[in-house]
2 protein chains.
Amino acid sequence: MYTLAEENYLKAIYKLSMLAENVSTNQIAAELATKASSVTDMLRKLAEKLLINYTRYQGVSLTQSGEKVAINIIRRHRLWEYFLVEKLHFKWDEVHDMAEEMEHISSTELIDRLDEFMGFPTRDPHGDLIPDSNGNFKKNDLKPISAVDVNTSGVISGVRDHSTAFLQYLEKQCLTIGKKITVKEIISYDNTVVLQMENKDLQISREVANNLLIAL
Amino acid sequence: MYTLAEENYLKAIYKLSMLAENVSTNQIAAELATKASSVTDMLRKLAEKLLINYTRYQGVSLTQSGEKVAINIIRRHRLWEYFLVEKLHFKWDEVHDMAEEMEHISSTELIDRLDEFMGFPTRDPHGDLIPDSNGNFKKNDLKPISAVDVNTSGVISGVRDHSTAFLQYLEKQCLTIGKKITVKEIISYDNTVVLQMENKDLQISREVANNLLIAL
DNA sequence: TTAATTTTTTAGACTCGTCTAAAAATACAA
DNA sequence: TTGTATTTTTAGACGAGTCTAAAAAATTAA
Ligand SMILES: [Mn+2]
Ligand SMILES: [Mn+2]
Ligand SMILES: [Mn+2]
Ligand SMILES: [Mn+2]
């Protein structure tokens, strides 16, 4: 239906749309590690196919049909990640790159059967919500630790950075999904956050606190 | 490692090598539904990369490293077909096209874990042998029904034609893998084969007999 | 063994997705 | 508000993979 490149652009635009209504050429170029000129070329094609709203120099947003395609790719990505962790016993920091390839397998029948085979999971190994086969999709209610007040408690439920380095760091600190934590203090000098965990206290940087999500 | 196109060419050459030592440009073009001129272009690239032995006008054969790549693709294809049938409950005539896409997922770690997850199956849903992770690969001992003598008995164990139409026909006639049959007669007029099955006799055409394999 | 036919290769062009370099539009600052 | 910096687009090129049309080589037939 859509080419590999088109799918990757739509997914990138969808992701960047979480942060701001309109997405800029440079943002997309950074996200896909390509050049702004390449992005402009692709934007014309996607606009032509009515997948994005695009006016020169004004940035882009997904149309309804573009969003539908993007959500579908995300569904596939997250279901494959779940499969890799739950069935093939990969670790949560190992699955992203494989899922980047697998998400482009086109059969919807396949992905629906996979969903059923795994018992219709609702979240992927990183805590991200998995859209259902109609593209329905609860909005995430999670907050970055950096956004909560001192003395707030919650359960670690997701991450914003999916890089191997970050996930391995979290694993090492036992900051994995399901762990209960309390924000004890925010050191004003550099915004280091002091967490109270079950059996220890732990300091994390502003950077880490920004990328680690909790359910209150 | 290799592009989609390169992998498909190597696989096609491997398949055609079963029939004859050297594979011709036109054979490859037919197999891949492309044009002879496109094939020639690709053959130069594959020869450049030492994946095939190629001299102009002489046809091609796989080098050892080309064969290794091809066998690996076949391993991936057959394991995914097994997964689709055994775990996701697709029918044997539904899985080929999906596997054509999935076979290009590159991670060997993934495919080895998938293999383990399924208990190291030795044959795919069509009776074809699945190479192990080292590319080791028993040669198929099966014979087309058209090649055995009258009064020979055997067990249906594989097919040569993987098309949906053929597989659905077999299903309908109960000519599925594991069924015991005896060749009762070959009608000389048009080489129709009369089979004795468990509870009935059945006539199949030369064409069908050619594409249906039995273990003696 | 020459001529006709078939197969294979070459020549040149096209699409897709990418790049660099330069021009145009926009945003920001003095 | 006028000039500078940044962002975005255009222009032109390239590699991968494909195509058509024509030339060259090999095969088959006369
Ligand atoms: Mn991921
Ligand atoms: Mn994920
Ligand atoms: Mn198949
Ligand atoms: Mn098969």
Side-chain angles (χ1 to χ4, degrees), chain A residues 1-17 19-62 66 69-70 73 100-101 103-104 106, chain B residues 1-17 19-62 66 69-70 73 100-101 103-104 106:
Chain A
M1 193 68 174
Y2 300 101
T3 68
L4 186 70
E6 284 169 345
E7 291 197 344
N8 284 335
Y9 274 89
L10 291 172
K11 189 161 58 107
I13 295 166
Y14 182 87
K15 182 177 171 187
L16 294 167
S17 299
L19 309 171
E21 195 59 34
N22 259 38
V23 176
S24 77
T25 301
N26 268 358
Q27 281 178 300
I28 299 168
E31 177 70 24
L32 294 175
T34 185
K35 297 301 155 78
S37 56
S38 307
V39 174
T40 303
D41 286 346
M42 181 57 89
L43 294 184
R44 266 202 272 90
K45 289 176 206 165
L46 294 175
E48 180 73 30
K49 297 185 178 182
L50 305 177
L51 295 165
I52 60 172
N53 306 114
Y54 171 54
T55 358
R56 273 160 54 260
Y57 295 101
Q58 297 314 125
V60 296
S61 61
L62 293 173
V69 175
I73 301 162
E100 285 291 302
E101 285 185 66
E103 71 190 8
H104 301 288
S106 59
Chain B
M1 194 65 175
Y2 300 100
T3 68
L4 185 69
E6 285 169 344
E7 290 196 346
N8 285 335
Y9 274 90
L10 292 171
K11 190 162 58 107
I13 295 166
Y14 182 87
K15 182 177 170 186
L16 295 167
S17 299
L19 308 172
E21 196 58 36
N22 260 37
V23 177
S24 77
T25 302
N26 268 0
Q27 282 179 301
I28 298 168
E31 177 70 24
L32 295 175
T34 185
K35 296 301 155 81
S37 56
S38 306
V39 173
T40 303
D41 286 345
M42 182 58 90
L43 293 184
R44 266 203 270 91
K45 288 175 205 164
L46 294 175
E48 180 73 31
K49 296 185 178 182
L50 305 178
L51 294 165
I52 60 172
N53 307 113
Y54 172 54
T55 357
R56 269 157 61 260
Y57 294 101
Q58 299 314 126
V60 297
S61 62
L62 293 173
V69 175
I73 301 162
E100 284 291 301
E101 285 184 66
E103 71 190 9
H104 301 288
S106 60

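Order of the sequence lines sets the chain letters (A, B, ...), proteins ahead of strands, with each chain counted from 1.
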Between B/K11 and B/E100, does any side-chain N to carboxylate O distance fall below 4.0 Å? yes
Whole-Å distance separating the CD atom of B/Q27 from the P atom of C/dT8: 8 Å
What integer distance in Å separates A/N8:CG from C/dC16:P? 17 Å
Side chain to side chain contact (heavy atoms under 4.5 Å, CB included) evaluation trace for B/E31 with B/I13: CA-CA 9 Å; B/E31 177 70 24; B/I13 295 166; over 6 Å; no
Round to the nearest Å and state the distance from A/L43 atom CG to C/dC16 atom C1'. 15 Å
B/Y2 vs B/L51 side-chain heavy atoms within contact, under 4.5 Å: yes
Value in whole Å for how far the C1' atom of D/dT18 lies from CG of B/L32: 12 Å
Kindly give the heavy-atom pair with the smallest separation between A/A47 and A/Y54, and that separation in Å. CB-CB, 4.0 Å
Tell me the interatomic distance from A/L46, atom CG, to C/dG17, atom C1', rounded to whole angstroms. 12 Å
Between A/T34 and C/dT18, does any side-chain N or O lie under 4.0 Å from OP1 or OP2? no
What's A/A36 touching, base or sugar-phosphate or nothing? Going by heavy atoms closer than 4.0 Å. base
How far does the helix from C/dT1-D/dA30 to C/dA30-D/dT1 bend, going by the axes of its first and last five pairs, to the nearest 10°? 10°
Whether A/T3 contacts C/dC16 is assessed here as follows: a side-chain N or O lying under 4.0 Å from the phosphate OP1 or OP2. Is that the case? no
Less than 3.5 Å apart, which donor and acceptor atoms pair up between the side chains of residues 21-30 of chain A and the rest of the protein, not counting sequence neighbours?
residue, atom, partner, partner atom, Å
A/N22, ND2, A/Q58, O, 2.8
A/S24, OG, A/Q27, N, 3.2
A/S24, OG, A/Q27, OE1, 3.3
A/Q27, OE1, A/S24, N, 2.8

Qualifying residues under salt bridge (charged side-chain N to carboxylate O under 4.0 Å, His left out), relative to A/E101, sequence neighbours excluded: none
Applying a 4.0 Å non-hydrogen cut-off, can you work out what A/S38 is touching in the nucleic acid: base, sugar-phosphate, or nothing? base
Short side-chain N/O contact to C/dC16 OP1/OP2 from A/K45, under 4.0 Å: no
Write down the distance between CG (A/L4) and P (C/dT18), rounded to a whole number of angstrom. 9 Å
Whether A/N26 contacts D/dT6 is assessed here as follows: a side-chain N or O lying under 4.0 Å from the phosphate OP1 or OP2. Is that the case? no
Suppose we call a contact any N or O donor and acceptor under 3.5 Å apart; does that hold for the side chain of B/S37 and the base of D/dT20? yes
Any side-chain N or O of A/Y9 under 4.0 Å from OP1/OP2 of C/dC16? no
One pair to check against side chain to side chain contact (heavy atoms under 4.5 Å, CB included): A/L62 and A/V69. What are the steps and the verdict? CA-CA 10 Å; A/L62 293 173; A/V69 175; over 6 Å; no
Find the distance B/M42:CE to D/dT18:C1' and express it as a whole number of Å. 10 Å
Return the residues of residues 49-61 of chain B meeting this criterion: a heavy atom under 4.0 Å from some atom of DNA chain C. Order them by number, or give none. B/Y54, B/R56, B/Y57
Whole-Å distance separating the CG atom of B/D41 from the P atom of C/dA11: 11 Å
Listed partners of A/K45 passing salt bridge (charged side-chain N to carboxylate O under 4.0 Å, His left out), at least two apart: none
Among all residues two or more places apart in sequence or in another chain, which pass the side chain to side chain donor-acceptor pair (under 3.5 Å) test with A/T34? none
Heavy-atom side-chain proximity of A/V39 to A/L32 below 4.5 angstrom: no
Closest to side chain of B/T40, choosing from D/dC19, C/dT9, D/dT8: C/dT9
